[in-house]
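Have a look at the structure below before the remarks.
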Amino acid sequence: MRWGGWRPASERGNAVRQVIIIGSGPAGYTAAIYAARANLEPLVIASSVEAGGELMNTTEVENFPGFPEGIMGPDLMAKMQEQAERFGAEVLYDDVVELDISGDIKKVTLGSGATHEAESLVFATGSAPRKIGIEGESRLSGRGVSYCATCDGFFFRERVIAVVGGGDSAMEEATFLTKFASKVYVIHRRGELRASKIMQDRAMANEKIEFVWNSEVVDILGEDAVTGVVLQDTVDGSTRELPLQGVFVAIGYDPRTHLVHQSLELTEHGTVWVDGRTSRTSVPGVFAAGDVIDPTYRQAVTAAGSGTVAALDVEHYLAARGDAGLPATEVAEIDGLADVGVA
């Protein structure tokens, strides 16, 4: 099926595509699958370094529907890419260095110097966990160092582990991890938590959780797996080792929005603002999906669902634009009305 008078770029004789998708995580590839099946011939711009998103740093994924025996994170992303390409998506391994989304035609400039243009854009760049930035952290990532309790907690049954952080997310992760671990240390650099009172009370009431106050993790020990951490007292500067088998870093996430800070409206959480449950951003023709719009859940399956929404929104946008020949602003108004059955 093709929308209105739309034809593929190869038939139109120019380089303007119908949709470009920036990002190759679950949101980006799911958007690509849906867009490709609608004959929109999407171009997926995957990072030259971080293609596949955060799941590329995950070992076994056991909570993604359809894989009862689990699947390795990189294998899941490879299957998503293969599925998108099967329906006609093109994947380009490069990095976007500049976006011009001010006009009806969106322009994407890559690190290689190449430029691509499209009628619409899906921004699915994800988010990155904040890292401590110490020796052993990157080396042991996936080998005892994790940034997602929901993803990896199951693998730490009856083990002694630590959560680094003092906010709500740290308390939530520590409490969740007590379902699996024999003991959970919460390591915080101050003498009091930043978390809300209800989250603090819940964690402090859990007999499996022990708080380590006024302490910073300055090293993570182990060759092939975590064996402990080195702590530095923030009051007197003394150091000591704490034996354990896992470290969960919960000091926050940063949505990857640096490309659109000046062009898209952001929320108070720093994520890209979208209109309600849609993927429509503050700029007509630009849609966003996945962790870059989600400060709360950050799961592969929710990101994939968000990618579906983005692709369907793109289809509606292009259909209105192609059939009516309207400028982007008017298409956005019509598309918004269509959601409530007015148009």
Side-chain angles (χ1 to χ4, degrees), residues 16-32 35 42-54 91-130 252-298 302-303 306-314 316-318 321 327-329 331-332 335-336:
V16 178
R17 294 176 178 266
Q18 293 174 88
V19 58
I20 291 176
I21 299 167
I22 302 175
S24 56
Y29 275 140
T30 302
L43 172 65
V44 179
I45 301 179
S47 169
S48 62
V49 178
E50 298 178 327
E54 290 300 313
V91 178
L92 181 62
Y93 296 100
D94 207 333
D95 299 298
V96 178
V97 295
E98 186 178 352
L99 289 177
D100 182 355
I101 58 176
S102 57
D104 284 354
I105 302 300
K106 318 305 178 186
K107 183 177 180 181
V108 179
T109 302
L110 305 180
S112 63
T115 60
H116 295 269
E117 294 181 329
E119 309 283 353
S120 63
L121 189 72
V122 174
F123 196 70
T125 51
S127 65
R130 293 177 194 153
Y253 280 76
D254 293 315
R256 295 187 174 100
T257 58
H258 61 282
L259 289 169
V260 295
H261 274 166
Q262 305 301 319
S263 54
L264 290 182
E265 182 179 343
L266 304 180
T267 70
E268 61 181 4
H269 303 290
T271 53
V272 174
W273 175 88
V274 291
D275 184 11
R277 296 188 65 184
T278 77
S279 65
R280 294 192 297 268
T281 70
S282 56
V283 174
V286 179
F287 306 84
D291 286 5
V292 78
I293 68 170
D294 178 11
T296 305
Y297 300 104
R298 295 190 301 270
T302 54
S306 180
T308 301
V309 171
L312 295 176
D313 285 344
V314 165
H316 292 312
Y317 172 83
L318 293 177
R321 182 174 169 81
T329 51
V331 172
D335 197 26

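Residues Phe123 and Thr281 fail the side-chain proximity criterion, which asks for heavy atoms closer than 4.5 Å. A 4.5 Å side-chain heavy-atom check between Asp294 and Thr271 finds every atom pair outside the cut-off.
Distance check, rounded to the nearest 0.5 Å: CG of Leu121 to OH of Tyr317 gives 10.5 Å. Rounded to the nearest 0.5 Å, atoms NZ (Lys107) and CG (Asp100) are 7.0 Å apart. The OG1 atom of Thr115 sits 8.0 Å away from the CG atom of Leu110 when rounded to the nearest 0.5 Å. Rounding to the nearest 0.5 Å gives a distance of 12.5 Å between CD1 of Ile293 and CG of Leu266. Of the inter-residue distances, the one linking Ile101 atom CD1 with Gln262 atom CD reads 11.0 Å to the nearest 0.5 angstrom. The CG atom of Asp291 sits 6.5 Å away from the OG1 atom of Thr302 when rounded to the nearest 0.5 Å.
Minimum heavy-atom separation, Glu98 to Leu259: N-CD2, 4.1 Å. Contact between Tyr93 and Ser47 at its shortest, heavy atoms only, is CD2-O, 4.0 Å. Across Val91 and Ala46, no two heavy atoms sit closer than the pair CG1-CB, 4.2 Å. Of all heavy-atom pairs between Ser127 and Tyr253, the closest is OG-CD2, 3.6 Å. Summarising the geometry of Glu265 relative to Ser282, their closest heavy-atom pair is N-OG, 2.9 Å, with the distance given to 0.1 Å.
For Asp254, the salt bridge (Lys or Arg N to Asp or Glu O under 4.0 Å) partners are Arg130, not counting sequence neighbours. Here Ser279 pairs with Asp313 under the side-chain hydrogen bond (donor to acceptor under 3.5 Å, both in side chains) rule; sequence neighbours left out.
Listed for the Thr125 side chain is a donor-acceptor partner under 3.5 Å among the backbone atoms of Arg256. Checked by atom type and distance alone, the side chain of Ser306 never pairs as donor or acceptor with a backbone atom of Ala289 at under 3.5 Å. Side-chain atoms of Asp275 never come within 3.5 Å of backbone atoms of Thr278 as a donor-acceptor pair (strictly under, hydrogens ignored).
Atom NE2 of His261 is surrounded by more than 12 heavy atoms from other residues, nucleotides or ligands within 6.0 Å.
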Side-chain donor-acceptor pairs under 3.5 Å in residues 21-32, sequence neighbours left out?
residue: Ser24; atom: OG; partner: Gly52; partner atom: N; Å: 2.8
residue: Tyr29; atom: OH; partner: Gln81; partner atom: OE1; Å: 3.0
residue: Thr30; atom: OG1; partner: Pro26; partner atom: O; Å: 2.6

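The only member of Val286, Val108, Leu264, Ile20 that meets side-chain contact (heavy atoms from CB on, under 4.5 Å) when paired with Leu99 is Val108.
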